[in-house]
Protein chains: 2
Amino acid sequence: MTATLADVAARAKVSPATVSRVLNGNYPVAATTRERVLRAVEELDYVLNGPASALAAATSDLVGILVNDIADPFFGIMAGAVQSEITGPGGRAGGERLAVVCNTGGSPERELTYLTLLQRQRAAAVVLTGGTVDSPEHTEAMSAKLRRLAEAGTRVVLCGRPPVPGTDAVALTFDNVRGGRMLTEHLLALGHRRIGYVAGPAGRTTTRERLAGHRAGLAGIGPGAVQHGDAVAHGGGGAYAGAAEYEGTANGSGVGPGAVHVLGIAHSAHPAQPVGAVDVPGGTGGAPGAVGGGVAERSGGGPEVEALVVHGAYDRQSGYDGAVELLRRDPGLTALVAANDTVALGACAALRDHGLRIPQDVSVAGFDDLPFSVDAVPALTTVRLPLSEAGARAGRIAMGREAPPPGGIAKVRGELMVRGSTAAPRQ
Amino acid sequence: MTATLADVAARAKVSPATVSRVLNGNYPVAATTRERVLRAVEELDYVLNGPASALAAATSDLVGILVNDIADPFFGIMAGAVQSEITGPGGRAGGERLAVVCNTGGSPERELTYLTLLQRQRAAAVVLTGGTVDSPEHTEAMSAKLRRLAEAGTRVVLCGRPPVPGTDAVALTFDNVRGGRMLTEHLLALGHRRIGYVAGPAGRTTTRERLAGHRAGLAGIGPGAVQHGDAVAHGGGGAYAGAAEYEGTANGSGVGPGAVHVLGIAHSAHPAQPVGAVDVPGGTGGAPGAVGGGVAERSGGGPEVEALVVHGAYDRQSGYDGAVELLRRDPGLTALVAANDTVALGACAALRDHGLRIPQDVSVAGFDDLPFSVDAVPALTTVRLPLSEAGARAGRIAMGREAPPPGGIAKVRGELMVRGSTAAPRQ
DNA sequence: CTGTTAGCGCTTTCAT
DNA sequence: ATGAAAGCGCTAACAG
């Protein structure tokens with residue numbers, strides 16, 4: 001019923017091979033012949049059979065993009081950027097490449113399943129975005145799977161995810177540790193000493209990294225401990241650049257024009273009143289990225305700082321619940337750091353519902369700098385991640401249009417955006 | 001290099017046919033044989049060749065999802081919902097179906113191109129989300145393309161998009177007209193008479209529909225003109241149900257428990273000072289969904305109401321620019337309706353930058369009720385669209401797991417969410 | 001520059 | 001319940 005290449009060949013009075021050559025355009029064909037073929041294609045309304053083409057050529061036009069949750073702009077922005085780069089001529093028969101977006105919900109099993117499915121499709125490339133479950137088993141399984149994909153000729157790029165040992169998958173990782181640290185150091189510099197932290201789901205790389213940054217900040221670890229000067233003023237879009245000890249390949253957009261270099265000055269912290277982390281009751285059900293959620297952990301903030309940490313999903317509800325819980329644990333806290341902007345918004349809502357003003361009573365900080373964050377009232381202090389740029393770069397690398405970073409790993413930095421939601425604590 | 005079905009067959013000492021049958025599981029195979037085959041698959045780390053399978057079986061596991069902008073949660077939410085429904089066993093060899101998300105950027109050409117690409121892949125189904133360019137040419141081209149896809153066995157479902165005449169594609173359309181009207185009637189009922197409207201890009205279905213609703217509201221057209229009672233109170237999540245004259249299949253989530261039936265009462269509008277629509281200068285460049293943007297149109301609000309309409313892209317910047325422009329045209333306006341929530345947020349920012357308070361000085365309303373809208377300060381009055389439910393339904397229909405609505409067309413209603421951003425005008 | 005000839009790896013009658 | 005064999009529609013050597 002549907003026209004085939006042979007039909008076109010017959011109508012154009014050429015061989016199937018010639019039609020194929022015209023369509024793929026990678027082979028010299030006489031202009032007049034090409035004309036004839038193209039006309040036949042038109043007349044027959046012929047559309048190439050993708051599977052047949054892929055089978056014969058042993059390659060496909062499909063590019064897989066793994067995301068935890070496509071409804072979350074964090075992933076949507078990256079996926080869109082990847083997609084914009086894989087697009088354009090280059091696929092078979094002059095066609096474009098198609099993005100297969102796989103929603104894993106953060107589940108390790110689904111990640112693996114989708115990878116198999118993409119392998120089955122003989123995907124040209126696969127881009128894995130965002131964090132993942134942080135366990136040796138999953139890492140091992142992932143490693144094996146990615147190795148197999150690579151063997152089969154599929155290019156693998158990680159975007160916003162830690163490198164996978166044992167593979168040569170290119171990794172564009174976000175420097176979450178540094179970002180988390182900048183945020184907390186910013187708050188410490190403002191004078192905050194009782195800082196709550198609404199973390200993401202336990203057992204995930206992003207959660208762990210950001211939390212580690214927070215703790216490093218609290219502990220005033222190393223020469224990088226900072227004190228802000230002018231950049232502390234809120235309301236603007238102040239930029240922050242870490243000191244030189246932060247290694248890693250910097251992403252081009254990491255440092256704004258108003259960058260402020262900071263010095264290593266240790267903080268005297270509030271006398272400790274150690275508090276173990278608690279989980280947010282409820283609120284994490286069914287949320288994408290909600291994994292585990294029952295793991296309590298001890299604060300690593302050292303004896304001089306008070307640590308208040310709760311875990312929850314990467315969603316608004318968890319932010320709300322987490323803030324409520326933290327307020328219960330320490331009604332005197334003066335600042336809240338959230339796992340990301342969405343969580344921060346939820347936390348803001350909880351604070352308001354408790355009659356607390358932001359930032360007069362409690363400062364709030366997020367992470368990611370999603371588009372809506374600047375429109376929060378007050379605008380959210382956060383760490384801007386160059387999601388779009390990173391996604392685009394991942395896409396180009398996946399297409400072989402850009403050389404991978406040296407060593408196959410690039411650490412992409414975020415930029416501290418100091419805005420209205422953080423200020424010095426009262427009195 | 002990669003193992004093939006034949007390799008598995010050899011190792012399991014059966015014929016390729018048997019391996020195929022085991023893998024696809026739609027055929028009786030002796031338990032012991034199956035065991036043997038499965039073990040061979042394991043041992044060889046065999047992964048089915050998708051293209052070969054699709055070629056032989058003449059079907060694929062791919063489902064296309066067309067979106068204007070995957071980075072926009074409006075589309076992300078729908079795409080995610082579609083994806084969650086097409087997932088699960090049912091594809092070839094027990095594998096799942098894969099979602100091919102195509103970012104059209106709102107471009108008609110790209111819509112058509114992607115449809116061809118999906119046809120080439122012999123996609124099992126295609127779901128087209130959101131509005132599109134509203135021209136006879138594009139509709140005609142679309143119609144032809146969809147017809148051809150349907151002929152080739154691809155199921156086509158429209159989600160949040162008007163039906164395409166000449167096709168039997170199932171359409172789940174949003175009742176944007178009604179939503180737009182509810183919003184404007186809500187403002188009129190509050191006492192507003194000088195209402196600005198920041199519309200989407202000219203020439204798009206969604207823009208046209210929402211604007212038509214706005215104008216219908218202004219004109220107090222027909223028996224459906226409304227006056228709100230208790231539901232007007234802001235701050236809550238009041239629900240609104242239109243009068244019975246609204247035909248169309250109602251979506252289950254369209255009407256909340258607190259629905260208020262309204263009566264046909266005409267509004268006396270402010271003496272007219274007709275103002276033609278103007279375009280937002282700049283700000284629409286490169287934005288997804290930005291199409292045209294240079295088309296001026298006359299107000300259709302009738303002689304008794306003052307119409308202030310500007311067009312722009314569906315993004316924050318357009319909202320900002322649009323509000324600035326409207327304020328310039330009429331510094332005395334008391335309310336602003338935006339094309340969607342994102343645009344509304346931009347408008348809010350502009351108002352604040354002009355020293356205007358929301359809602360005391362100017363009321364603002366959006367459309368869609370995206371997740372962040374409730375966290376705006378004040379929370380945004382808007383029309384909630386059941387994006388997730390609609391997407392899920394579209395997915396099920398595309399999979400043949402749910403019967404299409406009678407006539408192949410269902411009108412999905414939005415729900416008016418009255419919140420803090422709208423109030424009675426001053427004095 | 002164009003035609004011929006083999007497959008690519010799998011599914012599916014049709015036998016047995 | 002299993003095997004044999006004939007393609008599915010296209011590409012890619014290899015001739016010419």
Side-chain angles (χ1 to χ4, degrees), chain A residues 1-38 40-41 44-61 91-95 119-122 124 152-153, chain B residues 1-38 40-41 44-61 91-95 117 119-122 152-153:
Chain A
M1 219 231 74
T2 309
T4 72
L5 201 160
D7 298 333
V8 176
R11 201 175 214 302
K13 301 195 179 311
V14 295
S15 72
T18 300
V19 177
S20 175
R21 295 197 260 254
V22 170
L23 261 24
N24 288 290
N26 343 315
Y27 233 78
V29 175
T32 71
T33 317
R34 151 177 290 110
E35 280 301 297
R36 217 150 16 101
V37 170
L38 258 19
V41 167
L44 293 177
D45 232 336
Y46 172 71
V47 174
L48 188 68
N49 183 314
S53 171
L55 171 59
T59 66
S60 89
D61 288 347
R92 305 211 62 70
Q119 181 182 357
R120 171 183 299 190
Q121 295 296 335
R122 303 302 188 254
Chain B
M1 219 231 73
T2 310
T4 72
L5 202 161
D7 298 333
V8 176
R11 201 174 214 300
K13 299 192 180 315
V14 294
S15 72
T18 300
V19 177
S20 175
R21 295 198 258 255
V22 169
L23 260 24
N24 287 292
N26 341 314
Y27 232 77
V29 174
T32 70
T33 319
R34 151 178 289 110
E35 280 302 296
R36 215 147 22 97
V37 170
L38 257 19
V41 167
L44 292 177
D45 231 337
Y46 172 71
V47 174
L48 187 68
N49 183 315
S53 172
L55 171 58
T59 66
S60 90
D61 288 346
R92 304 210 63 70
L117 256 24
Q119 180 182 358
R120 171 184 298 188
Q121 296 295 335
R122 304 300 187 255

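On a predicted model such as this, the values are computed, not experimentally measured, just so you know. Below, chain A is the first sequence line, B the second, and so on; all start at residue 1.
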What distance separates [X] [atom1] from [Y] [atom2], expressed to the nearest 0.5 Å?
X       : Y       : atom1 : atom2 : answer
B:Arg34 : B:Thr18 : CZ    : OG1   : 11.0 Å
A:Leu48 : A:Leu23 : CG    : CG    : 6.0 Å
B:Arg11 : B:Tyr46 : CZ    : OH    : 15.0 Å

Grab the [atom1]-[atom2] distance between [X] and [N] for me, whole Å please.
X        : N      : atom1 : atom2 : answer
B:Leu48  : C:dC8  : CG    : P     : 16 Å
B:Lys13  : D:dG3  : NZ    : P     : 12 Å
A:Arg34  : C:dT2  : CZ    : C1'   : 13 Å
A:Leu5   : C:dG7  : CG    : P     : 20 Å
A:Tyr27  : D:dT11 : OH    : P     : 13 Å
A:Arg122 : C:dC8  : CZ    : P     : 14 Å
B:Arg21  : C:dG9  : CZ    : C1'   : 16 Å
A:Leu23  : D:dT11 : CG    : C1'   : 12 Å

Considering just the side-chain nitrogens and oxygens of [X], establish if one lies under 4.0 Å of OP1 or OP2 belonging to [N].
X       : N      : value
B:Asn24 : C:dT11 : yes
B:Thr18 : D:dG3  : yes
B:Thr33 : D:dA1  : no

**Nearest-nucleotide comparison on DNA chain C, the residue closer to the 5′ end among A:Ser15 and B:Leu55** =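 Nearer the 5' end of the strand: A:Ser15.
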
**Asked** For DNA chain D, whose closest nucleotide is more 5', that of B:Ala30 or that of B:Ala56?
**Response**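 Its nucleotide being nearer the 5' end, the pick is B:Ala30.
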
**Request:** With the side chain of A:Val14 defined as its heavy atoms from C-beta on, choose the nearest nucleotide among C:dG3, D:dA4, C:dT11.
**Result:**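 Out of C:dG3, D:dA4, C:dT11, the nucleotide with an atom closest to A:Val14's side chain is C:dG3.
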
**Prompt:** Of all the choices, D:dG9, D:dA5, C:dG9, which nucleotide is nearest to the side chain of B:Ala17 once you look at every atom?
**Reply:**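 Side chain of B:Ala17 sits closest to D:dA5.
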
**Message:** Any side-chain to backbone donor/acceptor pair from B:Ser60 onto B:Ala54? Under 3.5 Å, distance only.
**Reply:**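 No; judged by distance alone, with no hydrogens or angles, the pair does not exist.
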
**Message:** Quick check against the 3.5 Å criterion: does A:Arg36 have a side-chain atom that pairs as donor or acceptor with the backbone of A:Ala12?
**Reply:**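 Checking the backbone N and O of A:Ala12 against the side chain of A:Arg36, a donor-acceptor pair under 3.5 Å is found.
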
**Message:** Taking any heavy-atom pair under 4.0 Å as a contact, classify A:Ala58: base, sugar-phosphate, or nothing.
**Reply:**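 Contact class for A:Ala58: none.
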
**Message:** Counting the atoms with a prime plus P, OP1 and OP2 as sugar-phosphate, which does B:Val19 contact under 4.0 Å by heavy atoms, base, sugar-phosphate, or nothing?
**Reply:**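 It contacts nothing in the nucleic acid.
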
